[in-house]
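Have a look at the structure below before the remarks.
Computed from a prediction, not measured in an experiment: that's the story for all the values here.
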Amino acid sequence: MKYLLAVTPHEDALHVLRASFSGDVTVIPCRTRAEALAQATGRALDMVMIDLGLLLEGREPSRRVLHEAVWEVKRRVPSAEIIVLADADAVRHAVDAVQAGAGGYLPYPLLEEEVRLVAQKLHESALVRSELDYLRDRHWAGDGVDLAHTNSPRMREVFDKVRLVAGTRSTVLLTGETGTGKSLIARLIHNHSNRRTRRFISVHCGAIPDTLIESELFGHEKGAFTGAVRKKPGKFEIAEGGTIFLDEIGTVSQSAQIKLLGVLQDRAYQRVGGEAVLRADVRVIAATNEDLAALCAQGRFRRDLYYRLNVFPVDVPPLRERKEDLLLLAELFVRRYNAQMVKDIRSIHPEVIDAFMGYDWPGNVRELENLIERACILESGTVLTPDSFPAEFFGPGGGGRLATVDTTLPLAEARRRSVDVFERAYLERALAQCGGSVQRTAALAGVTTRQLHKLMTRHGLRKEDYKLRP
């Protein structure tokens, strides 16, 4: 038996909802918010259909308020799908509610066929999500498993590539800005390879002086140089049979580059000061936040080594280009620090969420994690409030917008980045409002379909991601 909580002051709407379902769905009618809260307490609900006015309780239907209202319902009935009921002139607010986390919306007057169709689609979507979660949880194991969940189309492409390459021995080159999670992706590749029972050795090449990088990677013999009082195995030797992750590969010296090329070409190397040839049965994953092709053009990186490393490139997008994952990641970090610090933080204040969405995140996922960790230390309640975040992140007047003005950038570049953020947000909202229809979205935006396709490609948007919404 399934239970539907129908929250609306309109008797005709309640009549339609009762008539829309057969005996396997029990409709619980509620005409006020207080009545709905009483009925929801202690009951396992499958669906909540709630009038937009009752959802808002007289508040202005701003994006922040809608997000807060939807998540309040979700906290009270976490197992239920939410459908917003709205008058025709308030449909745009219903769309905002869907973007805030509701499963769908229905316009008044309700029609039995539409009610059944929306309910069926939500049921099918829930089944698909359940199956995907089951398969994903079976597939992803080990460190970084939580970070493999994503709402971003670009990150889905990254994880699809990871699945394809993990079972091979091919060399992988991870590119992307600092803090995007390249080391976690490297470990995911290792954990899902046939080398997962052997060692994963991580080397931050940029943190090792040029004079020591060869010794660190390949080892040295006793007496090879001043201070070499004993024979030392290198990272390649320690990682034998497993995976070695070379982070910031673009910083290694020219002499080390020659030795790395030998390892990749011949699977062999020598210790510093040694003559014995050692075989290297090691899977190599490299990462860089620099443009290696540009370094090759400048003569700072060997072109032949670049080609050997760039067998299977994976570009990890910055956080500002995958803001669909902001809340997902923030909630993950809150859960992590709840456990570490014995806290009971259950949610994030809407003003903080709005601020997160407006920030450019130059430090990417690492910056977000550090910000959440600091806030969890300071927070004494159950909600992460603006008071727990640095004041400099918020704009003047405490409006809840993170400061996005970076005066270290030239004005033209700062303007371009601001336009990109606005353009993406506009397209996401327009696509959601038009149900993913390119033609209708183009007409709404006042551009041609060809122009819209170019803009969607530029921002990594897919129409399919908006077609599930009723």
Side-chain angles (χ1 to χ4, degrees), residues 157-158 160-178 180 182-196 198-208 210 212-220 233-272 274 276-316:
E157 291 176 6
V158 170
D160 286 344
K161 287 183 178 181
V162 167
R163 290 184 180 97
L164 290 172
V165 78
T168 72
R169 64 174 297 170
S170 298
T171 302
V172 179
L173 178 62
L174 303 174
T175 59
E177 297 177 8
T178 299
T180 52
K182 296 187 291 294
S183 60
L184 285 170
I185 292 174
R187 188 172 285 277
L188 278 176
I189 293 173
H190 171 74
N191 287 345
H192 295 88
S193 71
N194 54 9
R195 298 171 180 264
R196 58 184 170 272
R198 308 299 293 271
R199 287 175 173 166
F200 175 88
I201 301 297
S202 180
V203 183
H204 194 300
C205 300
I208 303 173
D210 288 347
L212 296 178
I213 186 67
E214 290 183 56
S215 172
E216 283 294 316
L217 292 177
F218 308 110
H220 63 252
K235 300 300 186 183
F236 273 91
E237 195 169 346
I238 296 171
E240 179 70 15
T243 301
I244 187 166
F245 174 52
L246 304 176
D247 200 5
E248 303 302 343
I249 190 67
T251 64
V252 298
S253 65
Q254 289 284 338
S255 57
Q257 289 178 34
I258 295 172
K259 281 205 167 186
L260 277 173
L261 181 62
V263 173
L264 293 171
Q265 285 185 159
D266 306 322
R267 299 287 170 182
Y269 63 97
Q270 293 174 305
R271 296 191 189 101
V272 177
V277 177
L278 305 178
R279 307 303 301 177
D281 177 20
V282 178
R283 193 322 172 40
V284 177
I285 301 175
T288 180
N289 62 358
E290 298 183 88
D291 185 345
L292 291 187
L295 294 183
C296 290
Q298 298 166 15
R300 296 166 53 196
F301 200 84
R302 293 183 63 93
R303 197 174 295 275
D304 46 4
L305 175 58
Y306 170 58
Y307 292 143
R308 287 287 181 178
L309 291 171
N310 199 38
V311 175
F312 193 90
V314 178
D315 184 49
V316 185

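Between the side chain of K235 and the backbone N or O of G219, no donor-acceptor pair lies under 3.5 Å. Under a 3.5 Å cut-off, the side chain of K259 and the backbone N or O of Y269 do not form any donor-acceptor pair. Q257 contributes no side-chain N or O that, together with a main-chain N or O of F301, makes up a donor-acceptor pair within less than 3.5 Å. In this structure a side-chain-to-backbone donor-acceptor pair under 3.5 Å is present from Q254 to R300. Checked by atom type and distance alone, the side chain of D266 never pairs as donor or acceptor with a backbone atom of A268 at under 3.5 Å.
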Side chain to side chain contact (heavy atoms under 4.5 Å, CB included), that's the test. Do V203 and E216 meet it? Break it down for me.
CA-CA 9 Å; V203 183; E216 283 294 316; 5.6 Å; no
Using side chain to side chain contact (heavy atoms under 4.5 Å, CB included), reason through I285 and I189 one step at a time and then give a plain yes or no.
CA-CA 9 Å; I285 301 175; I189 293 173; 3.8 Å; yes
Would you please test D160 and V162 for side chain to side chain contact (heavy atoms under 4.5 Å, CB included) and show each step?
CA-CA 5 Å; D160 286 344; V162 167; over 6 Å; no
Decide yes or no on side chain to side chain contact (heavy atoms under 4.5 Å, CB included) for T251 and E290, but give the supporting numbers first.
CA-CA 9 Å; T251 64; E290 298 183 88; 4.2 Å; yes
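Taking R195 as the reference, D281 meet the salt bridge (charged side-chain N to carboxylate O under 4.0 Å, His left out) condition, with sequence neighbours excluded.
Distance check: R283 CZ to T168 OG1 gives 4.5 Å after rounding to the nearest 0.5 Å. With values rounded to the nearest 0.5 angstrom, L278 atom CG is found 14.5 Å from R267 atom CZ. From S215, atom OG reaches atom CD1 of I213 across 9.5 Å, with rounding to the nearest 0.5 Å. Annotation: the span from E237 atom CD to I244 atom CD1 amounts to 11.5 Å, rounded to 0.5 Å. Separation of atoms OG (S183) and CG (L188) is listed at 10.0 Å; rounding is to 0.5 Å. The CG atom of L295 lies 10.0 Å from the OH atom of Y306; values are rounded to the nearest 0.5 Å.
Nearest heavy atoms, R308 versus L264: CB-CD1, 3.8 Å. For F245 against A286, the heavy-atom pair with the smallest separation is CE1-C, 4.3 Å.
Taking the six-membered ring where tryptophan is involved, the planes of F200 and H190 are tilted, since the angle between them lies from 30° to 60°.
If you run side chain to side chain contact (heavy atoms under 4.5 Å, CB included) between V284 and each of I249, T243, L246, only L246 comes through. A side chain to side chain contact (heavy atoms under 4.5 Å, CB included) with V172 is found for one member of V165, I185, N310 and no other, namely V165.
Centroid-to-centroid, the aromatic rings of F236 and F218 come within less than 6.0 Å.
Donor-acceptor pairing under 3.5 Å is recorded for the side chains of E214 and S255.
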